[in-house]
Amino acid sequence: MPGTPGTTVERSLDFAAHYGRDTPLGHHRVTVAKAANGDTVVDVDIQFEAKLLMITAYHYHHVSHEVWRDGRLVSLDSTTDDDGEKDWVKGHAVADGFAVESSHGSVTAPADIIPTSYWNPAILTAPRLLDTIRGVVMDVKVDREGQEMIRAGDATVAATHYTLGFVTNPPPATNKVDFWYDESGHWLKLAFHARGHDVAYALQGTPATTGTMVASPSGTETGLPAPERRD
């Protein structure tokens, strides 16, 4: 996925998605870039296509554009085509929060809201998230499942496994997501169950070990420590 004009790409993530018994589904790509004014710009492109007897039985396409400034989300623009059902979200920072207009209505989210794009490990300590597909605020609960050795890209690496559960306004297709990050906060893997199928992401290429720091609501740019399990 090409970077946003006028920015310098700092990190790219390319996940190959599979479902069932390792049947190819599509891709999830994230580009994190730095703008000339210091903003962090994040572009996401997700495209799935499931075929049955060479006929497309399901298609999904989601694109989003995030801008972060001093550790705060200042704008978000996304469109989604979920097998013909179309949604959109537009949001921007305001004095008392983050104003969202979407195909599902209007809401003012907290100023430190984190979107569900998963590249940012600040998601691990966030009590609520902004759904980038529907534009709704979801209360969430994150559990730390423990450290595991996983295959990520061209290497086997140590990663911490987390489970994200949706407490309010859950997505219609699933009620939890599993993901894996390394100790520096690099996103390595994701899995979920939706529409009767297990879906898993496989990172392509070599996992990052240094480099891109990530936006956090505190205004710092760093990987986050692993949270304790929250019961």
Taking [X] for its side chain and [Y] for its backbone only, find out whether a donor-acceptor pair lies under 3.5 Å.
| X | Y | answer |
| --- | --- | --- |
| Asn120 | Ala122 | yes |
| Asp83 | His59 | yes |
| Gln47 | Asp45 | no |
| Ser103 | Trp88 | yes |
| Thr116 | Thr132 | yes |
| Thr31 | Ser12 | no |
| Thr174 | His193 | yes |
| Ser117 | Trp119 | no |
| Thr80 | Asp82 | no |

Is there a side-chain contact between [X] and [Y] in this structure, where contact means two heavy atoms from C-beta onward sitting under 4.5 Å apart?
| X | Y | answer |
| --- | --- | --- |
| Val167 | Met138 | no |
| Leu25 | Thr23 | no |
| Phe98 | Leu73 | yes |
| Leu203 | Trp187 | no |
| Glu66 | Pro115 | yes |

Shortest non-hydrogen separation from [X] to [Y] and the atoms involved:
| X | Y | value |
| --- | --- | --- |
| Val137 | Ala109 | CG2-CB, 3.8 Å |
| Val157 | Ala152 | CG2-CB, 4.0 Å |
| Ala33 | Val9 | CB-CA, 3.8 Å |
| Ala158 | Leu188 | O-CD1, 4.4 Å |
| His61 | Ile46 | CD2-O, 3.1 Å |
| Gly135 | Val100 | O-CG1, 3.7 Å |

Check for me, please, whether [X] and [Y] land in the same ILVMFWY cluster - side-chain distances under 4.5 Å, paths through other members count.
| X | Y | answer |
| --- | --- | --- |
| Val89 | Phe166 | yes |
| Val107 | Val136 | yes |
| Ile123 | Phe192 | yes |

CA sep, side-chain torsions, deciding dist, call: Ser78, His65, side chain to side chain contact (heavy atoms under 4.5 Å, CB included): CA-CA 6 Å; Ser78 78; His65 180 80; over 6 Å; no
Option passing side-chain contact (heavy atoms from CB on, under 4.5 Å) with Leu164 (candidates Asp178, Asn175, Leu190, Leu129):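 Testing each of Asp178, Asn175, Leu190, Leu129 against Leu164, the sole residue satisfying side-chain contact (heavy atoms from CB on, under 4.5 Å) is Leu129.
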How many angstroms lie between atom [atom1] of [X] and atom [atom2] of [Y], to the nearest 0.5 angstrom?
| X | Y | atom1 | atom2 | value |
| --- | --- | --- | --- | --- |
| Ile114 | Arg72 | CD1 | CZ | 11.5 Å |
| Arg128 | Lys141 | CZ | NZ | 15.5 Å |
| Arg29 | Asp14 | CZ | CG | 5.0 Å |
| Ile150 | Asp182 | CD1 | CG | 9.0 Å |
| Arg11 | Thr40 | CZ | OG1 | 12.5 Å |
| Asn169 | Arg134 | CG | CZ | 6.0 Å |

Test side chain to side chain contact (heavy atoms under 4.5 Å, CB included) applied to Trp68 and Val74, step by step: CA-CA 6 Å; Trp68 294 76; Val74 295; 6.0 Å; no
From Glu145, Glu148, Gln147, Arg144, residue fulfilling side chain to side chain donor-acceptor pair (under 3.5 Å) relative to His161: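 The side chain to side chain donor-acceptor pair (under 3.5 Å) with His161 is passed solely by Glu148 among Glu145, Glu148, Gln147, Arg144.
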Stepwise side chain to side chain contact (heavy atoms under 4.5 Å, CB included) test for Lys34 and Val41: CA-CA 6 Å; Lys34 187 69 71 175; Val41 179; over 6 Å; no
Residue that, paired with Tyr201, satisfies ring pair (Phe, Tyr, Trp, His ring centres under 6.0 Å) out of Tyr19, Phe15, Trp180: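 It is Phe15, the one option of Tyr19, Phe15, Trp180 that forms the ring pair (Phe, Tyr, Trp, His ring centres under 6.0 Å) with Tyr201.
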Ring geometry between Phe179 and Tyr118 (parallel below 30°, tilted from 30 to 60°, perpendicular above 60°):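 Taking Phe179 first and then Tyr118, their aromatic rings sit tilted (interplane angle of 30° to 60°).
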Plane angle bin for Tyr60 and Tyr58 - parallel if under 30°, tilted between 30 and 60°, otherwise perpendicular: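 Rings of Tyr58 and Tyr60: parallel, under 30°.
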Verdict with supporting geometry, Lys90 and Asp77, salt bridge (Lys or Arg N to Asp or Glu O under 4.0 Å): CA-CA 5 Å; Lys90 292 183 181 295; Asp77 191 344; 3.1 Å; yes
